[in-house]
Amino acid sequence: MVTLTVSRFAPSPTGLLHLGNARTAFFSWLYARHRGGRFVLRIEDTDASRSRPEHVEALLADMAWLGLDFDAGPGKDTPEGPYWQSQRAGIYEQAFNQLQAMGRAYPCYCTALELELARKMQLSRGQAPRYAGTCRDLTLDQRAAREAEGRQGALRFQVPGGRELRYQDLVRGEQVFSSDALGDFIIQRADGSASFLASNAIDDALMGVTDVLRGEDHVANTPRQLLLLEVLEHRLPRYGHLPLLVGDDGAPLAKRHGATSVSELRGLGYRPEAVLNLLFRLGHSAAVEGWATNAGMIEGFRPEHLGRAPARLDMAQLTHWQKEAVKLAHADQLADWVPATVPADDKAAFIAAVRANLTLPADAKAMADMIYEDLPPLTPELEAIVRAAGAATFEAAVLALDSGADWSGLTRSVREATGRKGRDLFQPLRAALTHALEGPEMAPLLALMGPLRARARFEQALTACQ
RNA sequence: GCUCCCAUCGUCUAGAGGCCCAGGACACAGCCCUCUCAAGGCUGGUACGAGGGUUCGAAUCCCUCUGGGAGCGCCA
């Protein structure tokens with residue numbers, strides 16, 4: 001029987017979706033889409049103290065903005081749902097009872113302090129810190145005694161000793177672990193809630209997830225989860241672990257690396273297609289040259305070409321894809337980049353004129369200011385250029401304007417009047433009109449600013465020539 | 001401290017013993033084009049972390065070192 005591929009993204013809503021998680025989500029999405037499967041979104045909000053509804057809202061908004069649609073998840077319920085772990089306590093409870101009945105899980109009464117102490121001891125002896133199994137063989141009487149002391153037991157999964165655990169990682173190949181290195185792990189906290197290790201694995205199984213793509217930080221969790229699912233007699237998903245994203249200094253991505261959350265990038269005006277094109281190539285060698293559409297990325301996605309080394313995030317590459325995105329964007333998609341100072345009738349012409357010089361909306365604002373607002377004073381460099389051109393240049397320009405000339409007529413008149421051409425002709429005119437040395441093509445710029453403004457700016461240049 | 005993973009231009013990567021004195025993209029520099037700048041086109045420089053092996057031959061295999069990443073929670 002051919003099983004439909006089901007992949008998933010299972011974030012916990014404890015903060016903003018950052019690029020690293022977005023990449024995990026994107027690759028999982030690509031994985032499902034590439035194989036014609038289903039993509040599931042599950043909210044892992046078992047940590048009530050850190051999970052926030054507004055983070056879920058933001059996450060959903062970010063996913064939608066990126067275009068990562070899911071077939072099942074919050075707001076898209078199915079019989080396998082609900083897709084909020086906070087609503088699945090009963091399901092986990094059932095599994096915990098089963099595990100305890102089978103003798104594969106036991107209550108542990110160790111306190112945080114005791115555990116911390118034990119860890120320190122092991123560490124100081126040069127051993128890997130892991131749970132020593134203190135409460136594993138407690139008799140019923142001993143358990144009753146602890147309970148009588150008012151101690152709340154947490155539930156630990158009993159890891160069998162002396163077993164070699166192996167699995168085929170989708171990106172790292174065969175992985176081998178000794179069960180002795182694992183230690184009995186918590187599956188239910190003392191407050192009764194399910195731990196990540198348990199709820200995450202159980203839900204993947206129950207939701208029919210066949211392929212889990214997640215961050216490398218979960219590698220060591222995999223043998224534990226596999227063990228757990230095996231005992232529960234669930235079908236085991238395949239796991240693949242993506243190397244983490246690091247900043248330009250090679251250190252784990254952090255705030256000091258700048259805008260690294262999806263919503264920040266969105267706020268700055270980055271296009272989702274640009275972000276996706278960046279992510280597509282981070283730690284993944286694409287079978288795609290140049291700009292890729294969503295369809296192209298789905299088609300060109302190669303899970304076997306996922307790297308195993310941490311990938312550095314280089315914002316210069318984002319800028320490149322962003323410029324591509326702007327170039328290719330439909331005018332409608334750039335409509336809200338146009339500042340309010342641009343007259344409604346000019347909007348389309350404005351976009352057409354400045355588009356090639358835009359990266360972010362802030363650039364559009366600068367362009368609009370350059371056309372419609374009062375210019376900042378000439379810098380010494382610009383003034384020197386204006387003065388070098390001399391009054392004759394601007395007198396001719398004003399005259400041309402007064403006779404209704406457009407840009408090409410104006411430049412012709414000035415050339416004829418002054419004999420200047422090429423750089424000597426254009427640079428002073430651009431400097432006078434925009435108080436800048438570079439920018440969009442002058443012809444449409446002049447048309448947008450209109451003869452009145454242009455005339456005033458030329459007269460200003462004339463003054464500077466005195 | 002212990003365990004695991006990784007290591008090709010500044011960055012993302014191709015490369016699975018001879019096709020590689022290492023290819024592409026971004027960034028950078030130069031040139032061309034256009035009556036300026038930008039855009040566009042072309043060209044160029046820059047890399048197999050180090051040291052040992054194995055082999056007729058190594059970026060590709062082995063070892064050591066160095067560097068980076070991850071894990072060792074009643075956090076996910």
Side-chain angles (χ1 to χ4, degrees), chain A residues 10-14 44-47 49-51 85 108 110-112 115-116 119 122-131 152-156 169 171-173 175-178 181-183 185-197 199-200 214-221 241 243-246 248-252 278 280-290 305 307-321 323-324 327 354-357 385 408 411-412 414-415 420-431 434 436-442:
Chain A
S12 78
T14 54
E44 306 224 327
D45 53 350
T46 53
D47 185 349
S49 62
R50 295 204 301 146
S51 296
Q85 287 193 326
C108 168
C110 296
T111 63
L115 293 170
E116 182 56 28
R119 255 194 294 279
Q122 289 171 315
L123 233 28
S124 71
R125 266 181 289 166
Q127 297 171 333
R130 71 180 63 104
Y131 184 65
Q152 279 286 319
L155 204 58
R156 279 187 194 272
D169 193 286
V171 346
R172 322 174 112 215
Q175 304 287 303
V176 185
F177 297 83
S178 162
L182 260 27
F185 56 91
I186 299 279
I187 50 179
Q188 186 182 31
R189 304 185 191 101
D191 67 4
S193 63
S195 78
F196 162 80
L197 247 12
S199 58
N200 178 267
R214 45 165 34 167
E216 190 184 77
D217 45 336
H218 290 290
V219 175
N221 292 330
H241 293 90
L244 268 25
L245 230 43
V246 295
D248 51 12
D249 54 358
L278 171 77
F280 186 58
R281 295 164 172 88
L282 274 180
H284 173 243
S285 64
V288 184
E289 280 282 308
H305 275 281
R308 266 147 294 186
R312 287 192 196 212
L313 180 66
D314 179 4
M315 292 309 267
Q317 321 248 8
L318 211 212
T319 301
H320 170 255
W321 295 120
K323 284 181 177 162
E324 291 291 300
K327 215 175 291 176
V354 304
R355 178 187 197 109
N357 297 68
I385 287 167
S408 87
T411 53
R412 197 184 317 119
V414 174
R415 188 176 60 234
R420 290 177 161 266
K421 58 180 181 170
R423 185 192 199 85
D424 290 339
L425 170 66
F426 281 82
Q427 212 173 39
L429 292 175
R430 175 181 285 280
T434 67
L437 287 178
E438 54 183 57
E441 260 189 79
M442 284 306 301

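Reminder, nothing fancy here: chain letters follow the sequence lines and each chain counts from 1.
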What N/O pairs connect the protein and nucleotides 39-47 of chain B at under 3.5 Å? Give each pair on its own line.
{"unit_1": "B/G40", "atom_1": "OP1", "unit_2": "A/Lys327", "atom_2": "NZ", "d": "2.9"}

Would you list the protein and nucleotides 33-35 of chain B atom pairs, both N or O, that sit under 3.5 Å from each other?
{"unit_1": "B/C35", "atom_1": "O2'", "unit_2": "A/Gly422", "atom_2": "N", "d": "3.2"}
{"unit_1": "B/C35", "atom_1": "O2", "unit_2": "A/Arg415", "atom_2": "NH1", "d": "3.0"}

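Within the 4.0 Å cut-off from OP1 or OP2 of B/G73, at least one side-chain nitrogen or oxygen of A/Arg119 is found. Look at A/Arg156 and you'll find a side-chain N or O under 4.0 angstrom from OP1 or OP2 of B/C74. For A/His284 and B/C12, the shortest distance from a side-chain N or O to OP1 or OP2 is not below 4.0 Å.
In this structure B/U3 sits in a base pair with B/A70, meeting the Watson-Crick or G-U test at under 3.5 Å. Pairing for B/C31 is with B/G41, a Watson-Crick or G-U wobble pair whose two hydrogen-bonding atom distances lie under 3.5 Å. In this structure, B/A25 forms a base pair with B/U11, meeting either the Watson-Crick or the G-U wobble geometry with both donor-acceptor distances under 3.5 Å.
The P atoms of B/G69 and B/A29 are separated by 31 Å, rounded to the nearest whole Å. Look at the P atom in both B/G17 and B/A59: the space between them is 13 Å, to the nearest Å. Annotation: B/A38 and B/A47 have their C1' atoms spaced 32 Å apart (nearest Å). One C1' atom belongs to B/C48, the other to B/C4, and the distance between them is 25 Å to the nearest Å. Nucleotides B/A50 and B/G45 are separated by 24 Å at their C1' atoms, to the nearest Å.
For A/Asp248 and B/G68, the CG to C1' distance is 15 Å, given to the nearest whole Å.
Side chain of A/Asp45 to main chain of A/Pro13: no donor-acceptor pair is present (N/O by atom type, distance under 3.5 Å, no hydrogens or angles).
Where A/Ala181 and A/Ser285 each meet RNA chain B at their nearest nucleotide, the meeting point lying more 5' is that of A/Ser285.
Within 4.0 Å of A/Glu289, counting heavy atoms only, lie sugar-phosphate atoms of the nucleic acid but no base atom. Residue contacts for A/Thr46: at a heavy-atom cut-off of 4.0 Å it reaches the sugar-phosphate backbone alone, with no base atom in range. If you check every strand for non-hydrogen atoms under 4.0 Å, A/Leu244 touches sugar and phosphate atoms only.
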